There are 4 protein chains.
Amino acid sequence: MHRAYLKSPAADIQTAIDYLPHAEERLRKEVWQYLQSGSGQGLTSARNRKVFEDVSLMPRPLADVRGGNTRVELFGQSFSHPVILAPLAYQRLFHPDGETASAMAGVAQGGQMVVSSLASQLLETIIEAAGQPLWFQLYWQADRETTLRLVKKALSAGYSAVMFTVDAPVKQAAIALPKDVSAVNLEAPIALADATGASVVFDGWMKQAPGWDDLMWLRDQITVPLIIKGILHPADAEHAVSLGCDAVVVSNHGGRVLDGVPGSLQLLPDISRAISGKAKVLFDSGVRNGQDVFKALALGADAVMVGRPYIWGLASGGALGVAHVIRLMRDELEMTMALSGAKDLTAIRSGTYVYQA
Amino acid sequence: MHRAYLKSPAADIQTAIDYLPHAEERLRKEVWQYLQSGSGQGLTSARNRKVFEDVSLMPRPLADVRGGNTRVELFGQSFSHPVILAPLAYQRLFHPDGETASAMAGVAQGGQMVVSSLASQLLETIIEAAGQPLWFQLYWQADRETTLRLVKKALSAGYSAVMFTVDAPVKQAAIALPKDVSAVNLEAPIALADATGASVVFDGWMKQAPGWDDLMWLRDQITVPLIIKGILHPADAEHAVSLGCDAVVVSNHGGRVLDGVPGSLQLLPDISRAISGKAKVLFDSGVRNGQDVFKALALGADAVMVGRPYIWGLASGGALGVAHVIRLMRDELEMTMALSGAKDLTAIRSGTYVYQA
Amino acid sequence: MHRAYLKSPAADIQTAIDYLPHAEERLRKEVWQYLQSGSGQGLTSARNRKVFEDVSLMPRPLADVRGGNTRVELFGQSFSHPVILAPLAYQRLFHPDGETASAMAGVAQGGQMVVSSLASQLLETIIEAAGQPLWFQLYWQADRETTLRLVKKALSAGYSAVMFTVDAPVKQAAIALPKDVSAVNLEAPIALADATGASVVFDGWMKQAPGWDDLMWLRDQITVPLIIKGILHPADAEHAVSLGCDAVVVSNHGGRVLDGVPGSLQLLPDISRAISGKAKVLFDSGVRNGQDVFKALALGADAVMVGRPYIWGLASGGALGVAHVIRLMRDELEMTMALSGAKDLTAIRSGTYVYQA
Amino acid sequence: MHRAYLKSPAADIQTAIDYLPHAEERLRKEVWQYLQSGSGQGLTSARNRKVFEDVSLMPRPLADVRGGNTRVELFGQSFSHPVILAPLAYQRLFHPDGETASAMAGVAQGGQMVVSSLASQLLETIIEAAGQPLWFQLYWQADRETTLRLVKKALSAGYSAVMFTVDAPVKQAAIALPKDVSAVNLEAPIALADATGASVVFDGWMKQAPGWDDLMWLRDQITVPLIIKGILHPADAEHAVSLGCDAVVVSNHGGRVLDGVPGSLQLLPDISRAISGKAKVLFDSGVRNGQDVFKALALGADAVMVGRPYIWGLASGGALGVAHVIRLMRDELEMTMALSGAKDLTAIRSGTYVYQA
């Protein structure tokens with residue numbers, strides 16, 4: 001029997017990760033594993049956390065932080081805080097309200113959500129619930145035509161930016177979906193190119209993987225901001241910006257694709273140095289609380305994406321849970337700023353708030 | 001049912017941390033967690049210990065330590081040893097005798113205690129039990145006037161120094177107090193500034209946080225020694241001394257405020273270099289035994305504050321337990337000095353008693 | 001009662017190490033310990049894994065990997081992939097089909113197997129099952145004559161290369177063999193030189209250990225490729241190549257001989273630099289999946305040997321299990337290549353696909 | 001009920017540490033803790049092991065080790081191997097045969113034993129059992145006269161060298177001795193100087209601690225080799241040699257005295273460089289097997305002392321157990337030499353058999 005959803009934050013919740021056990025006890029085991037697991041031996045998942053823990057903050061008491069705030073402007077839109085909901089697939093696996101609950105919570109808290117190509121609800125339905133433009137996450141489809149039809153569907157529905165995920169051309173760690181959950185915005189499932197050669201990867205999946213030329217083509221098809229997600233190498237970040245991308249998401253897909261890559265935070269400073277001023281730098285992978293948000297901002301991010309934590313909130317209490325997770329992160333970010341003597345995001349990025357032993 | 005207090009040191013107690021299980025079994029779970037917990041994920045609590053463990057001592061047998069002693073002079077007063085009892089709040093949570101027990105033990109052992117703004121007994125009562133001047137720890141109150149009234153109350157009661165804690169402007173990890181325990185020396189609880197803005201932190205708590213100008217103001221109000229507690233950045237230490245502070249407590253509040261800051265010991269050498277000779281350097285956070293005391297002295301401290309360990313003693317056996325904890329630390333400090341060939345605190349601070357691999 | 005062999009890959013198997021519990025539950029405890037144990041305290045076994053985990057990969061999305069493949073040529077023979085089955089002894093301990101099952105699977109998957117001097121089936125039988133030339137692993141015998149008879153037996157049976165293991169002159173971690181399992185290709189067991197001196201090692205075992213002069217002698221006896229296995233010091237690799245060896249296997253015998261030596265991967269780059277272009281570099285010790293294969297190739301190996309993982313497959317499901325293990329490693333290698341932007345082995349070896357923090 | 005002693009090595013014993021559980025199940029809990037415990041938090045005990053594990057050996061197969069041996073000459077006496085039994089106190093706590101069993105085993109295996117001042121059997125009895133000169137370990141007694149009487153007693157009994165332990169002036173971790181076990185060679189227990197001052201350490205124990213002048217005095221009293229034990233600082237090693245000591249034992253007393261000092265192995269190279277050629281360098285603390293012996297020799301020791309491991313053997317099987325532990329260590333040392341290509345101790349000390357990553 002499913003445990004009732006939380007109607008209000010439980011007494012034991014001080015920070016987002018405290019939602020984890022509440023989520024776990026409300027989800028089927030396969031769904032929980034699908035949500036939590038990293039690829040391979042989990043080396044990258046572990047590294048994502050370790051690199052955050054290895055960064056030290058430096059308290060600066062007595063500093064003047066009057067008028068402090070967490071506002072950020074991205075692509076001409078102003079947000080109350082820099083915490084963006086990452087595009088997680090099939091959210092009706094976690095709560096019957098699915099993506100609409102997350103979107104409503106994200107917008108109500110003054111932030112933004114990126115809706116996945118693999119959303120389990122119609123793009124129109126989600127944006128209607130949100131009541132304002134969201135961003136659309138794009139997985140490359142079978143070919144340029146199919147891909148373009150998907151992008152246009154999102155733009156028609158009112159999505160105001162496209163975040164193109166490039167680090168997962170090969171599908172990973174899937175899950176057998178229940179009958180009432182599916183990728184309702186996609187055309188018929190992609191038929192794999194017939195792998196007549198010996199290689200499942202090179203003769204199969206990679207035949208349908210996008211290349212740099214496809215990114216150039218995509219840039220030409222749309223006028224809204226184009227964000228590229230899944231970059232770790234600074235040279236790739238520079239390349240993407242030179243081709244017209246408006247932002248780069250430094251991400252290793254939360255450790256879910258190639259196991260054994262560095263923690264995303266390790267590459268953030270180099271990528272920020274490489275493209276800062278020319279494009280926005282978003283950070284993704286491993287963020288669990290507001291201190292982590294502060295650290296990513298201090299190391300060069302303009303905004304930060306969170307994934308699993310808000311799904312813990314969704315699974316525990318629907319929109320209410322998601323909103324609470326965002327609020328906790330924002331409060332923690334503010335407290336970290338106040339104790340660090342940084343009164344706004346510009347200060348965080350320009351100062352030296354991180355201690356190097 | 002509450003377990004009886006220890007009437008004399010139990011046979012299994014070799015060092016302060018051996019009191020920990022005795023304390024745990026005598027305290028309610030919430031009280032125990034309030035005492036022991038660090039903030040956030042406990043990164044800083046763990047670091048406070050790790051940095052001590054990473055420092056190596058170097059034995060120097062056959063050295064001449066005749067006439068060895070642990071005496072220290074602070075602000076014109078002489079103490080038998082450099083172990084100072086840190087200002088922990090609400091000590092009647094841990095033992096019915098509360099702060100008076102700690103103060104009696106501290107003084108009987110030839111040391112000093114700092115009494116918290118949040119003491120659960122009257123300042124006069126505590127100092128009467130001690131039979132000699134103690135130091136007073138100050139939390140900033142609603143405004144300068146209220147703050148000054150509190151300071152004057154302490155000075156009138158005979159407190160001989162003020163230790164101003166600046167690293168916890170935002171209240172953390174509180175506990176629901178039982179009816180008979182409260183901050184009896186404070187005026188009515190501070191009403192939070194009305195948080196009409198969106199930010200609980202910036203529009204609420206931080207509106208009442210003290211700034212550097214408040215420190216200057218405070219310096220002008222009192223003639224007794226002024227100690228600033230909660231400094232990690234060497235520049236802040238220098239700033240405080242330039243404004244007339246007589247001592248700086250290098251502290252991260254035992255890992256209870258901002259999680260993810262460095263272990264206090266990491267910053268001690270830099271701060272000592274920055275202000276030594278101009279002001280006293282006290283150390284706080286993570287000290288568990290006399291070897292730790294020695295290490296902090298060797299890395300630049302003039303004296304060392306201990307917190308949780310003496311509360312373990314208090315909870316286990318009242319004043320007797322506190323006195324035993326202090327005695328154990330002093331004996332361990334002496335043994336470490338004897339085995340290291342350092343005969344007094346001046347020798348510890350000027351020699352090279354720490355091994356760098 | 002013995003558990004039935006798997007008829008097809010179990011649902012929980014995503015990567016080779018998932019076969020480990022299936023193997024463990026099908027083997028007698030002594031056999032399992034013989035297979036898994038490292039020597040001494042297991043320091044080297046642990047290091048072999050740690051050094052792989054410490055290497056980070058760098059994803060390069062959007063790269064063009066059309067025409068990608070894992071082909072490799074060794075000694076004039078072409079293989080579909082660089083995963084070679086290492087010479088493990090007494091394979092009928094693990095499955096009734098023994099070495100023939102492994103050889104059939106290895107060849108069916110387009111790779112190669114090295115058959116041990118301590119094989120539990122006749123060399124002819126194994127090569128017949130394989131249907132094509134395999135490589136023969138040589139342990140030094142009592143003297144040159146006995147050694148030569150063994151080598152000639154292998155060459156007559158059609159083995160096309162000799163891999164001479166030099167790092168285990170002293171027998172280690174033996175096991176009491178059941179009656180129906182033995183080293184059927186060897187002459188009567190070696191009688192230890194009579195240890196009349198005090199030293200079992202110097203006066204016993206080492207009297208029959210081969211020296212550099214024996215390697216020179218062996219080189220003169222055969223015309224097929226001669227591979228030396230068990231080298232960690234770059235100077236030894238250079239020496240062996242100068243004496244005419246065609247390849248060097250960088251190996252610490254999977255941590256089974258001298259405990260406390262470095263992880264093999266630590267020495268790979270130096271050895272590759274020392275002999276690359278003059279001889280082939282094979283890598284052995286600690287490889288558990290295709291990401292590991294990629295890392296070894298990126299650090300200088302021409303091909304990679306796996307040991308315990310294919311025995312887990314053998315013990316779980318005979319030839320089918322071995323074939324599946326190889327296939328999994330190849331698929332993982334391909335996925336790693338695709339996600340890293342390396343389309344063939346030449347690219348892996350010449351590019352910079354490993355991230356140095 | 002006491003478990004019967006092993007009559008011959010148990011089947012599960014491959015190396016000395018395998019005796020540990022056999023010893024533990026045969027000893028009273030207090031005795032076991034007295035044997036095994038380190039001081040304080042056990043930081044130094046753990047470090048003693050870690051530093052050995054961090055040293056890597058480098059195998060050199062095919063090397064010529066004909067005529068290999070482990071012989072060593074110390075103070076004109078030749079031993080079959082460099083493993084010396086350290087002076088552990090009260091050995092009748094561990095086996096009724098006490099020190100005589102250890103001494104017989106040590107001599108039978110061609111090595112040497114150092115008998116403690118706190119031996120539980122008469123010095124004459126032990127040397128009689130051994131049948132040849134042993135070395136005598138000296139703890140400083142109440143004053144020079146008492147000390148000299150003890151030394152003369154040992155020399156009269158035939159002891160051929162004096163090892164003066166200087167790192168434990170303050171008694172640590174004692175144990176309540178059963179009635180039939182005592183320090184039978186000492187005069188009445190030392191009365192502590194009356195600690196009328198406040199300090200137990202400075203006014204009590206340290207008043208009776210020896211100084212450098214006492215070492216000079218002792219050197220003048222005896223003509224047999226004088227070995228100083230418990231040195232970690234290279235300057236102290238040089239000082240001791242300049243005063244006429246014939247050897248230095250690099251030791252932290254197995255982590256039993258001052259917790260938090262470096263692992264002894266960390267200081268060995270510096271001390272060896274400082275005094276090699278002028279005096280012998282013995283190593284003590286943390287040695288558990290023959291690989292450790294090799295590492296200590298490779299880092300500069302002339303011989304190596306083992307403590308707890310032989311007591312495990314003693315507790316398990318008396319003299320037989322001790323002899324087996326020594327034999328295992330010697331066999332492991334020989335195997336390590338053979339696999340490393342070092343044929344004697346001179347080679348180990350002069351070559352580069354340790355791998356620095």
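Being a predicted model, the structure only gives us computed values, none of them experimental.
Contacts between A:Val55 and chain B at a heavy-atom distance below 4.5 Å involve the backbone alone (N, CA, C, O). Neither the backbone nor the side chain of B:Asp213 comes within contact range of chain A; no heavy atoms are under 4.5 Å apart.
Atom CG of B:Asp167 and atom CG of A:Leu339 lie 8.5 Å apart (nearest 0.5 Å). Between atom CG of residue A:Leu62 and atom NE2 of residue B:His239 there is a gap of 9.0 Å, rounded to the nearest 0.5 Å. The distance from the OH atom of A:Tyr355 to the CG atom of B:Leu232 is 9.0 Å, given to the nearest 0.5 Å. Residue A:Phe52 holds its CZ atom at 12.0 Å from CG of B:Leu43, rounded to the nearest 0.5 Å.
When all heavy atoms are compared, the tightest approach of B:Pro262 to A:Leu57 is CD-O, 3.0 Å. Contact detail for B:Val166 and A:Pro61: the closest heavy-atom pair is O-CB, 3.1 Å.
Counting only heavy atoms from C-beta outward, the side chains of B:Val201 and A:Met337 never approach each other to under 4.5 Å. Between A:Pro59 and B:Val257 there is no side-chain heavy-atom pair separated by less than 4.5 Å. Side-chain contact between B:Val261 and A:Ser56 is absent, with no heavy-atom pair separated by less than 4.5 Å.
Counting heavy-atom pairs closer than 4.5 Å to chain A, the top residue among B:Thr44, B:Leu267, B:Leu215, B:Asn252 is B:Leu267. Put simply, of A:Arg60, A:Gln291, A:Arg66, the one with the most heavy-atom pairs under 4.5 Å next to chain B is A:Arg60. Contact tally against chain B (heavy-atom pairs below 4.5 Å) for A:Asp64, A:Asp54, A:Asn69: the top residue is A:Asn69.
Residues of residues 7-23 of chain A lying within less than 4.5 angstrom of chain B, judged on heavy atoms, are A:Thr15, A:Ile17 in numerical order.
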